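Here is the structure we will look at, set down as structure tokens.
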Amino acid sequence: MAKIAILGDIHANLDALNVVLADCREQGVEEFLCTGDVVGYNACPHECIEIIRDIGCPVMMGNHDYYVGCEKLNLNDFNPNAAAVVRWTRDQLSEEDLDWLRALPFTRTAKGVTLVHATNDRPALFGYVFDNLQADANFTAQKTPLSFHGHTHCPMIYEKSLQGVFRIDPQDFKLQMGRKYFINVGSVGQPRDGDPRATYVIYDSVAKTVTFRRLPYDIAAAQARIRAAGLPDRLAERLAEGH
Ligand code: ZN
């Protein structure tokens with residue numbers, strides 16, 4: 001086992017997921033890990049759950065996975081667009097799909113790395129990590145040198161060494177001994193860093209390298225599915241903007 005793909009924030013975007021999985025095959029990926037949010041925002045939640053479930057890899061609980069699976073949740077606290085997507089997504093899923101979502105863990109260690117959707121310090125609260133202070137809180141709870149997460153949809157590297165915590169723009173790099181890394185793998189299905197291309201990460205567990213992948217996909221096709229489903233138009237527009 002060497003090349004491990006880490007996918008996150010797929011968000012029911014089948015067009016983006018198919019392109020990412022084709023790239024994984026080309027890159028010689030042997031194993032998969034998923035930081036969660038398989039559903040929400042886009043129009044193919046059932047298809048994406050089936051694909052990820054069939055891969056059989058560890059998948060973490062994302063906030064959208066949680067909202068869709070938790071029928072007791074009060075959607076009145078959500079903005080109307082978000083509540084509409086949660087309701088629509090529930091209607092597309094089988095009981096088996098919903099049970100699969102409900103059983104996802106918040107955090108897990110696999111292949112020597114820790115996976116979490118948001119942060120290792122309080123994984124069930126789905127806090128956002130955008131700065132060094134938030135990353136430092138994560139590092140206090142991160143037991144392994146390497147941890148992957150998502151949630152912000154912006155790929156990023158946070159590094160902790162004796163010198164402190166540093167936020168480093170996404171770039172390919174080799175892990176250094178004695179340091180900890182908390183790596184945001186970006187989003188397959190709804191990137192928000194201004195670049196609309198699908199994003200994922202390859203970790204080579206032998207060479208100890210991390211590679212960020214960016215892939216163009218058929219955004220117009222994904223937008224057409226959103227509009228055909230009657231989901232809010234803003235969700236289609238933002239795919240092209242990468243926000
Ligand atoms: Zn997300």
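First listed ligand is number 1; within each ligand, the first listed atom is number 1. Nothing here was measured: the structure is a model prediction, and the numbers come from that model.
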Checklist entry - Does the pair Glu30/Lys111 count as a salt bridge with the N-to-O cut at 4.0 Å? => result no

Identify all side-chain donor-acceptor contacts of residues 73-82 below 3.5 Å with residues at least two apart in sequence or on another chain.
unit_1: Asn74; atom_1: OD1; unit_2: Asn76; atom_2: N; d: 3.0
unit_1: Asn74; atom_1: OD1; unit_2: Asn76; atom_2: ND2; d: 3.1
unit_1: Asn79; atom_1: OD1; unit_2: Asn81; atom_2: N; d: 3.0
unit_1: Asn79; atom_1: OD1; unit_2: Ala82; atom_2: N; d: 3.0

Checklist entry - Looking only at atom types and distance, does a side-chain atom of Asp37 sit under 3.5 Å from a main-chain N or O of Asn63, one as donor and one as acceptor? => result yes

Next on the checklist: Less than 6.0 angstrom separating the ring centers of His64 and Tyr41, yes or no?
Outcome noted: yes

Checklist entry - Is it true that Tyr181 and Phe173 have ring centroids separated by less than 6.0 Å? => result yes

Item to check | Contacts of the Zn ion (ligand 1) with protein N/O/S atoms, counting only those under 2.8 Å | outcome: Asp9 OD1, His11 NE2, Asp37 OD2, His153 NE2

Next on the checklist: Would you call the rings of Tyr158 and His149 parallel, tilted or perpendicular, taking 30° and 60° as the class edges?
Outcome noted: tilted

